[in-house]
Structure formats: structure tokens, C-alpha cells
Number of protein chains: 2
Amino acid sequence: MNNLYEIHADMCKVFSNPTRLEILNLLRSDALSVMEIVEKTGIGQANISQHLAIMRSKGIVASKRRGKNVYYNLTNPKIVKAFDIIRGVLNERLRNRVF
Amino acid sequence: MNNLYEIHADMCKVFSNPTRLEILNLLRSDALSVMEIVEKTGIGQANISQHLAIMRSKGIVASKRRGKNVYYNLTNPKIVKAFDIIRGVLNERLRNRVF
DNA sequence: TTTATATATTAGAATATTCTAATATTAATA
DNA sequence: TATTAATATTAGAATATTCTAATATATAAA
């Protein structure tokens, strides 16, 4: 097995959880602090921090501290592109009543 | 939690396994039979069948029988596009020695 | 320095995924 | 019909993921 498929799969694992997708979608334009993400999603702080840590470890997001807050942002606009392509496939299907 | 994120995540789970990514990459141009996929990947038949079943259940691939063989193909060219965007991110990183 | 706020980490139970081995099914051919 | 080749399914052990609760750490403000 070509090792690149393993790395690729590992990266895509980030997209395999609804909370992480919601976070990515929130970060598509601006950086947000952990608390802002917690508030916008209504998900617990510990869990958001864990998901952010996972995404940071895979290089999908980066963080920088400003005072008391830590702001997270996407590292690569292509992430949003991939997100939107898959979302487009889903929207096509919804239009065609596949679900 | 918006249910669309759940569906989206569920679809992306397909991409979170190296064997499935290898299969998708093999199918990018032509349909292939199960045995052809087994031979090209060197992975066991049962396992390939399982992965194909997973991808079919998510609507990523479709199958049609022709005689003794069942041929699998991608259902949507956007799948390849999403695959290639992520692969592009990885290639950028490899060039920049991030791994 | 104490307190409050923001974020991170840890532990662990519940659940999900993955692979292998064994077996079943399906369709062509002898 | 019996056999063979191709594909699918099942069971189960090993491993991975997810969430919650509890706790730790870091920074700013009182």
C-alpha cells in the first residue's frame, strides 16, 4: 500500500466528523476564538478544544494566542474548496431526492 | 447540530480509509471488476468487497453485473475533484517538507 | 497575589471501524 | 446437474474514535 494513501486518509479523517465540519465551516472566512466556536455551535468547550487539537495536529487549522483568547484559522483555502465540492454533491442529491 | 453536517461527515468517511482511496483512484477513469481491483491492489477479495459495499451504500460508486463479473464505477466526477484537491494539499506540503 | 476567564488535557465508558477467516451466493461452463 | 470462478456476507477479535466529566494550565484583571 502506497503510504500516500495513508496520509491522505488520515487527512480526510478530519472531515469525517460533523462537529469538525461545522467548525471548518465557521472558520471559512475569519479566525475565531475557542469560545466563539463554542457559542456558535452550542457544543461543550472540552470537546471543541479536542476537535481543534485534532485538526491542528493534521495541519488543517493553525492557532495564535491574542491575550486570553486563542484564535483558530484554516491553513489552506483548498480545504474550503474540498468541503464545498462534497457539499455540492450532497446538494445535487438532495435536489434529486436521493436521501 | 444541522443534520447536513452528519450526512456530509458520513460521506467523507469513505475517504478516511487508505484502501478505499486506492480503489477510488483506480476507478477514476474506467469501471473495474472486483477481481481487477483485487489484483491491482494486492488486497484480499473479502476486504475489497466490503469496501465496495460501503462506498456503494454511500452512493460514491455504483455497480453493474456483466456475466460473472461485477463492475464498479464512480457515480460522480466531483468525487475525483475532491480527491485531487486534497492530494494537491498533500503534494504542496511534501514539497515544503511538512511531513 | 488572588480571582476569574479562556483554553487544554486526561481518563474512561460507549460506540464504531477494520481486518481476517470461513462460508454463502451467483452465474457461466463442462 | 455438477463444477468452477467471481462476488458477497458473516462473525468476531483488535483497534480507533467519540463524548463527558473532572482537572490542569495560562493569561488578564482586581
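Throughout, a chain's letter reflects where its sequence line sits, starting with A, and its residues are numbered from 1.
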In residues 9-17 of chain A, what donor-acceptor pairs under 3.5 Å come from side-chain atoms, sequence neighbours left out?
residue	atom	partner	partner atom	Å
A:Ser16	OG	A:Lys13	O	2.7
A:Asn17	OD1	A:Thr19	N	2.9
A:Asn17	OD1	A:Arg20	N	3.1

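A:Ile54 places its CD1 atom 14 Å from the P atom of C:dT10, with the value rounded to the nearest Å. When the P atom of C:dT20 is taken as reference, atom CD1 of B:Ile48 falls 10 Å away, rounded to whole Å. Across the protein-nucleic acid pair, A:Lys40 atom NZ and C:dA6 atom P stand 15 Å apart, rounded to whole Å. For the pair A:Leu52 CG and C:dA8 P, the interatomic distance rounds to 7 Å; values are reported in whole Å. Rounded to an integer number of Å, the gap from A:Glu36 CD to C:dT5 C1' is 14 Å. When the C1' atom of C:dT18 is taken as reference, atom NZ of B:Lys13 falls 14 Å away, rounded to whole Å. If you measure from atom CD1 of B:Ile23 to atom P of C:dT18, you get 12 Å, rounded to the nearest angstrom. The interatomic distance linking A:Phe15 (CZ) with D:dT17 (P) rounds to 15 Å, in whole Å.
Residue B:Tyr72 has a polar side-chain atom (N or O) positioned under 4.0 Å from OP1 or OP2 of D:dA8. Checking the phosphate oxygens (OP1, OP2) of C:dT17, no side-chain nitrogen or oxygen of B:Asn17 falls inside 4.0 Å. Listed pair A:Asn69 / C:dT7 meets the phosphate criterion, a side-chain N or O lying under 4.0 Å from OP1 or OP2. A sub-4.0 Å separation between OP1 or OP2 of C:dC19 and a side-chain N or O of B:His51 is present.
Residue contacts for B:Ala53: at a heavy-atom cut-off of 4.0 Å it reaches no nucleic acid atom on any strand shown.
With rounding to the nearest 0.5 Å, the separation of OG1 in B:Thr75 from CG in B:Asn73 is 7.5 Å.
A donor N or O paired with an acceptor N or O is found under 3.5 Å between the base of C:dA8 and the side-chain atoms of A:Gln45. A donor and an acceptor atom sit less than 3.5 Å apart, one in the side chain of A:Gln50 and one in the base of D:dT20.
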Nucleotides 25-30 of chain C: protein proximity per nucleotide (B base, S sugar-phosphate only, - neither; heavy atom, under 4.0 Å)
--SS--
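Among residues at least two apart or in separate chains, side chain to side chain donor-acceptor pair (under 3.5 Å) pairs with a member in residues 59-68 of chain A are A:Arg56-A:Ser63.
For B:Arg20, taking side-chain heavy atoms from C-beta onward, the closest of the listed nucleotides C:dT18, C:dA8, D:dT20 is C:dT18.
When the side chain to side chain donor-acceptor pair (under 3.5 Å) test is applied to A:Asp84, the partners found at least two apart in sequence or on another chain are A:Arg28. With sequence neighbours excluded, no residue forms a ring pair (Phe, Tyr, Trp, His ring centres under 6.0 Å) with A:Tyr71.
Projected onto DNA chain D by closest heavy-atom contact, A:Ser16 and B:Ser49 fall at different nucleotides, the more 5' of which corresponds to B:Ser49.
Between B:Asn69 and B:Met35, the closest side-chain pair of non-hydrogen atoms is not below 4.5 Å.
Hydrophobic cluster membership for B:Ile85: A:Ile85 (Ile, Leu, Val, Met, Phe, Trp, Tyr linked by side-chain heavy atoms under 4.5 Å, directly or transitively).
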